[in-house]
Amino acid sequence: MQRTASIIITLALVIGIGIIVTSGSLFKNKGGTQSAQNVEIKDGVQYIRIEAKGGYSPKVSEAKAGIPTKLIVTTGGTFDCSASLVIKSLNYQKILPQTGETEIDIGTPKAGEPFQGVCGMGMYNFVVNFT
Ligand SMILES: [Cu+2]
């Protein structure tokens, strides 16, 4: 009887640890790939893709400083206010097309000077950190 109990406890421990390890690595992967997917350097120009629909995604991006950089804001059936984009540091304000891509030249960013965009109402935002 005691032996059965210890086998059950051991099994429960193994399954428990398995779940913790699996969910931990899943969580890690999610955070790690998010930024790499939307930042790309092509022919010496850095492109940062931001999706605008019901807010901005990803909300936080990591990119490199000292490279000419362009922001590509994509919309797809965007009818909410995230289509009304305001970038204070560039004095930029525009109503994005409901569906399409808008390229915005943001110059050559400096390290430690994050770049921020907000919706026309100031309720949604996104940040790009440059290092
Ligand atoms: Cu808004």
Side-chain angles (χ1 to χ4, degrees):
M1 214 46 202
Q2 271 220 337
R3 190 170 254 176
T4 316
S6 68
I7 289 170
I8 289 169
I9 289 167
T10 309
L11 273 177
L13 274 174
V14 167
I15 292 168
I17 289 167
I19 288 169
I20 290 166
V21 168
T22 312
S23 61
S25 64
L26 278 178
F27 191 72
K28 234 184 229 168
N29 280 343
K30 216 177 171 184
T33 53
Q34 199 181 30
S35 196
Q37 278 178 343
N38 77 320
V39 179
E40 182 187 25
I41 298 170
K42 216 162 64 183
D43 297 328
V45 179
Q46 177 170 243
Y47 296 91
I48 303 164
R49 285 186 167 270
I50 304 284
E51 194 185 317
K53 189 175 184 174
Y56 300 103
S57 168
K59 279 198 77 162
V60 180
S61 304
E62 304 291 335
K64 282 189 179 144
I67 302 172
T69 300
K70 285 177 179 176
L71 201 66
I72 298 172
V73 186
T74 60
T75 43
T78 304
F79 297 101
D80 58 273
C81 62
S82 53
S84 151
L85 178 64
V86 177
I87 300 165
K88 283 177 191 153
S89 61
L90 297 179
N91 249 331
Y92 181 94
Q93 187 164 8
K94 197 179 169 184
I95 306 290
L96 305 173
Q98 276 167 15
T99 299
E101 286 191 354
T102 306
E103 197 178 278
I104 304 160
D105 195 335
I106 64 170
T108 303
K110 287 178 189 153
E113 288 183 16
F115 177 87
Q116 197 187 30
V118 292
C119 75
M121 291 160 59
M123 61 198 263
Y124 299 125
N125 64 25
F126 66 88
V127 175
V128 184
N129 292 315
F130 296 100
T131 47

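Read the numbers this way: they start at 1 and go in the same order the structure lists the ligands and their atoms.
Residues Gln46 and Glu40 fail the side-chain proximity criterion, which asks for heavy atoms closer than 4.5 Å.
Near the Cu ion (ligand 1), less than 2.8 Å away, sit the protein N, O or S atoms Cys81 SG, Cys119 SG.
Partners of Glu51 according to the side-chain hydrogen bond (donor to acceptor under 3.5 Å, both in side chains) rule, which considers only residues two or more places apart in sequence or in another chain, do not exist here.
Both Met121 and Ile50 belong to a common hydrophobic cluster when Ile, Leu, Val, Met, Phe, Trp and Tyr are linked at side-chain heavy-atom distances under 4.5 angstrom.
Other residues, nucleotides and ligands contribute at most 12 non-hydrogen atoms within 6.0 Å of the CD atom of Gln93.
Between Tyr124 and Tyr56, the angle of the ring planes goes over 60°, which puts this pair in the perpendicular group of the 30/60° scheme.
Separation of atoms OG1 (Thr131) and CG (Asn129) is listed at 7.5 Å; rounding is to 0.5 Å.
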